[in-house]
Amino acid sequence: MALLEVSHLDVRFALRQGEVRALRDVNFTLERGERLGIVGESGAGKSVAAFSLLNLIAKPGFIAGGSIKFEGKELNSMSERGLRKVRGNRISMIFQDPMMTLNPVLSIGEQMVECLKAHRRISTKEARAIALDKLRQVQIPSPEKRLDQYPHELSGGMRQRIIIAIALLLDPDIIIADEPTTALDVTIQAEIMALLLELCEQHNVGLILITHDLGVVSQVTQRMLVMYAGRVIEQGPTREIINDPQHPYTQGLINALPQMATPGEKLNQIRGSMPSLSNLPSGCAFHPRCDFINRADGQPRPACTQQVPDFVESGNCRVACHMVAEMLEDRRLEGGEPMSAQAETIPTMPTQNEESSESLLQIRGLKKRFSLSGDFLEQLRFKGGKLVRHQEYVHAINGVNLDIKRGEALCVVGESGCGKSTVARTVMGLISPSEGEIRYDGQRIDDLSSKQLLPYRKRMQMIFQNPYASLNPRMTIQQTLEEPLRLHPPDWNRQQILDKVEEVMRSVGIDPDWGKRFGHEFSGGQRQRIAIARALAVDPEFIVADEPISALDVSIQAQVLNLLMDAQRDRNLTYLFITHDLAVVEHFGTRVAVMYLGTVCEIATTATLFAKPRHPYTQALLSAIPRLEDDRPQHIRLSGEVPTPVNLPSGCVFHGRCPHANARCKQEIPALRTQDDGTRVACHAVEEGRL
């Protein structure tokens with residue numbers, strides 16, 4: 001008997017327009033100590049499946065049918081009192097956002113003690129001792145101190161470790177992890193997943209990992225389910241599905257990953273988007289997006305458009321697809337070809353020899369400090385009987401020097417808080433630098449007034465991380481795209497503006513007929529296309545893209561990256577591309593600047609950096625990239641925590657986490673020095689030949 005057995009699960013939401021089936025006939029099992037991954041795009045039903053297991057579906061949702069058995073006992077028919085004995089005790093859950101999970105007005109210790117005392121008859125002292133032991137298990141530094149701290153006092157990675165410790169408090173049999181690393185940097189993600197894997201193996205705990213990151217699934221899980229439009233469409237051993245996916249949707253997801261394409265080529269993408277659950281296509285829900293739906297005569301196969309496919313066995317996998325038998329015989333799939341048309345090679349990123357030597361943007365000695373001390377009166381303190389002024393700053397950028405050459409894509413990478421976005425916003429004049437200068441096309445722009453900057457706004461545009469927040473909800477898409485054209489150029493007539501809006505909408509794959517819609521009526525990928533269209537509307541030559549794909553599914557990510565690459569090719573654009581996704585950088589970037597705590601520690605061409613990283617921090621970043629070919633997380637573990645930018649360490653800011661640091665590193669700030677291959681590295685160990 002399996003530890004967990006889900007059979008024919010059906011979940012619906014009762015809406016005014018009728019019932020929406022969020023899950024349809026979902027079946028899977030989980031053995032004790034087994035690790036199961038659930039993947040798919042947003043809207044596939046992954047999180048609904050997880051919440052259903054503990055009957056946490058909020059109204060108007062409800063479980064309409066099916067069975068969920070835990071150790072042979074039916075959870076669906078269990079009373080609320082009975083479920084409370086299972087939740088957190090036998091089955092624990094790690095939610096996506098730890099800041100939303102933790103109570104902001106209770107200390108970490110109070111929350112952990114509360115959880116223990118809800119299920120165990122123990123004293124507060126005993127509960128604190130157990131909580132302390134769990135914090136040590138998840139490798140929290142100074143655990144005694146953390147018990148008395150509040151969630152806002154901890155870093156994102158630390159908060160996620162706390163959530164894992166709470167999930168382990170009562171030694172559960174199953175842990176459900178719902179996108180546990182979505183908002184984390186690649187190094188923290190690698191540490192969290194390695195920790196979760198290690199703890200599950202040590203305690204023989206079953207794991208259900210819900211994620212859209214196929215690299216993480218390949219490293220952590222033993223079996224996986226692929227979901228689409230509320231239904232499981234493929235399931236089997238993780239390694240078999242990753243190496244030889246059968247369903248066209250699974251193949252599309254894998255082939256859309258940047259690591260599956262050669263740098264300089266378009267990414268393979270799945271056309272279209274996830275259908276609305278309130279209006280599913282007839283037959284196979286994937287058929288409108290499937291490239292293998294047509295017969296040799298060009299006509300759609302009737303079964304695909306009329307009949308919901310049943311599962312068929314294919315090796316150790318089960319696949320819900322009418323064409324699996326044909327696909328197994330198809331030479332294209334045997335050769336691992338992408339599901340979409342063959343990607344064309346486009347000269348988006350010039351090689352080192354081809355790129356222009358002319359610098360379009362120059363940054364020299366850039367520093368930015370943010371005051372934490374408030375206004376003048378708030379800065380006054382009594383010290384030694386005297387009234388003194390106390391000022392405290394966040395040192396966001398500390399002496400950054402960068403040159404961005406015309407026509408290239410310079411990617412800036414690093415962990416959260418390293419200063420990437422601050423550099424981007426300072427370049428665009430959204431915030432003023434504390435020191436240093438910024439020159440655009442030879443002209444200094446950091447000291448210009450808003451009126452003087454106006455001509456540069458046409459030449460320099462920005463794509464923000466959150467397209468929903470950057471689009472005015474009161475304006476239609478037509479109005480949003482027209483707005484910049486009223487200023488750049490100011491002498492265009494109405495018809496010229498309308499023609500330009502239609503042209504730019506078509507160039508980003510948005511139907512001009514959608515112009516009267518508002519931002520909330522579009523999907524995340526479509527909203528990002530609209531944000532890109534707004535940036536392109538005034539024909540800029542330089543674009544700052546601040547994490548433009550961080551919140552997108554892999555298939556939508558491929559569409560947006562292809563769009564940016566097409567725009568660079570067609571318009572000769574120059575990019576300053578801010579991201580923490582190193583797999584994207586490897587595919588998209590011409591050169592890479594690695595930042596740590598407000599400083600640039602390494603700059604190199606993309607090919608050189610990924611082939612031979614020099615700085616210890618760069619080496620740790622690259623080792624943490626989840627690769628499909630890895631069976632387990634393989635990364636360099638960094639000790640210690642990222643220092644606070646309020647009180648920067650002396651010498652090299654990385655020395656507290658660096659395995660190669662010596663006395664000089666702790667005292668002397670390293671300068672960026674050029675190496676034989678053109679790489680510039682700020683590291684004493686590299687300079688001295690120790691690394």
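These figures come from a predicted structure and were not determined experimentally.
No side-chain donor from either of Asp546 and Gln465 sits under 3.5 Å from a side-chain acceptor of the other. Using modelled atom types, one finds no donor on one side chain facing an acceptor on the other under 3.5 Å when comparing Glu41 with His212. In summary, the side chains of Thr238 and Gln222 do not present any donor paired with an acceptor at a separation below 3.5 Å, with no hydrogens or angles considered. Under the 3.5 Å distance criterion, with hydrogens and angles disregarded, a donor-acceptor pair is assigned to the side chains of Asp499 and Gln495.
A salt bridge between Glu586 and Arg627 is present, with a side-chain N of the basic residue lying under 4.0 Å from a carboxylate O of the acidic one. No salt bridge links Arg24 with Glu19; every basic N to acidic carboxylate O contact stays at or beyond 4.0 Å. Salt bridge annotation for Lys516-Glu521: absent, with no cationic side-chain nitrogen under 4.0 angstrom from a carboxylate oxygen.
Qualifying salt bridge (charged side-chain N to carboxylate O under 4.0 Å, His left out) partners for Arg231, counting only residues two or more places apart in sequence or in other chains: none. Shown here are the side-chain contact (heavy atoms from CB on, under 4.5 Å) partners of Pro626, two or more places apart in sequence or in another chain: Val186, Gln189, Asp213, Val216, Gln219. In this view, Phe95 and Phe51 satisfy the ring-ring contact (aromatic ring centres under 6.0 Å, His included) rule, not counting sequence neighbours. Partners of Phe577 according to the ring-ring contact (aromatic ring centres under 6.0 Å, His included) rule, which considers only residues two or more places apart in sequence or in another chain, are Phe588. Not counting sequence neighbours, the partners of Gln306 by the side-chain contact (heavy atoms from CB on, under 4.5 Å) test are Pro302.
The side chain to side chain donor-acceptor pair (under 3.5 Å) pairs that include a residue from residues 43-52 are Ser47-Asp178, where partners are two or more places apart or lie in different chains.
Put simply, the side chain of Glu74 never gets that close to the backbone of Ser67: no donor and acceptor are under 3.5 Å apart. Side-chain N or O atoms of Asn243 include none that pairs as donor or acceptor with a backbone N or O of Ile241 at under 3.5 Å. Put simply, the side chain of Arg35 gets close to the backbone of Val220: a donor and an acceptor are under 3.5 Å apart.
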Verdict with reasoning, Lys500 to Glu482, per salt bridge (Lys or Arg N to Asp or Glu O under 4.0 Å): CA-CA 9 Å; Lys500 184 63 178 181; Glu482 285 180 7; over 6 Å; no
Worked verdict on Arg571 versus Asp566 for salt bridge (Lys or Arg N to Asp or Glu O under 4.0 Å): CA-CA 8 Å; Arg571 300 166 182 261; Asp566 284 340; over 6 Å; no
Salt bridge (Lys or Arg N to Asp or Glu O under 4.0 Å) between Arg223 and Glu240, intermediate numbers included: CA-CA 9 Å; Arg223 284 196 308 120; Glu240 288 191 29; over 6 Å; no
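Because its NZ or CZ atom is both nearer than 6.0 Å to the ring centre of Phe311 and within 45° of the ring axis, Arg318 counts as a cation-pi partner of that residue.
Summarising the geometry, atom CG belonging to Leu564 is positioned 8.0 Å from atom CD1 belonging to Ile549; distances are rounded to the nearest 0.5 Å. The CD1 atom of Ile242 sits 4.5 Å away from the CD1 atom of Ile254 when rounded to the nearest 0.5 Å.
The shortest heavy-atom contact between Val508 and Leu563 is CA-CD1, 3.5 Å. For the residue pair Cys317 and Gly236, the shortest heavy atom distance occurs at SG-CA, 4.1 Å. Shortest non-hydrogen contact noted between Gln160 and Pro98 is NE2-CD, 4.0 Å. Looking at every heavy atom in both residues, Gln528 comes nearest to Ile463 through OE1-CG2, 3.6 Å. The nearest pair of heavy atoms linking Phe518 to Pro473 is CD2-O, 3.4 Å. The minimum heavy-atom distance between Met93 and Ala50, with the atom names listed, is CE-CB, 3.9 Å.
Lys69 NZ: 12 or fewer foreign heavy atoms inside a 6.0 Å radius.
Between His247 and Tyr249, the two ring planes are perpendicular [angle over 60°; tilted spans 30° to 60°].
Side-chain contact between Glu5 and Leu30 is absent, with no heavy-atom pair separated by less than 4.5 Å.
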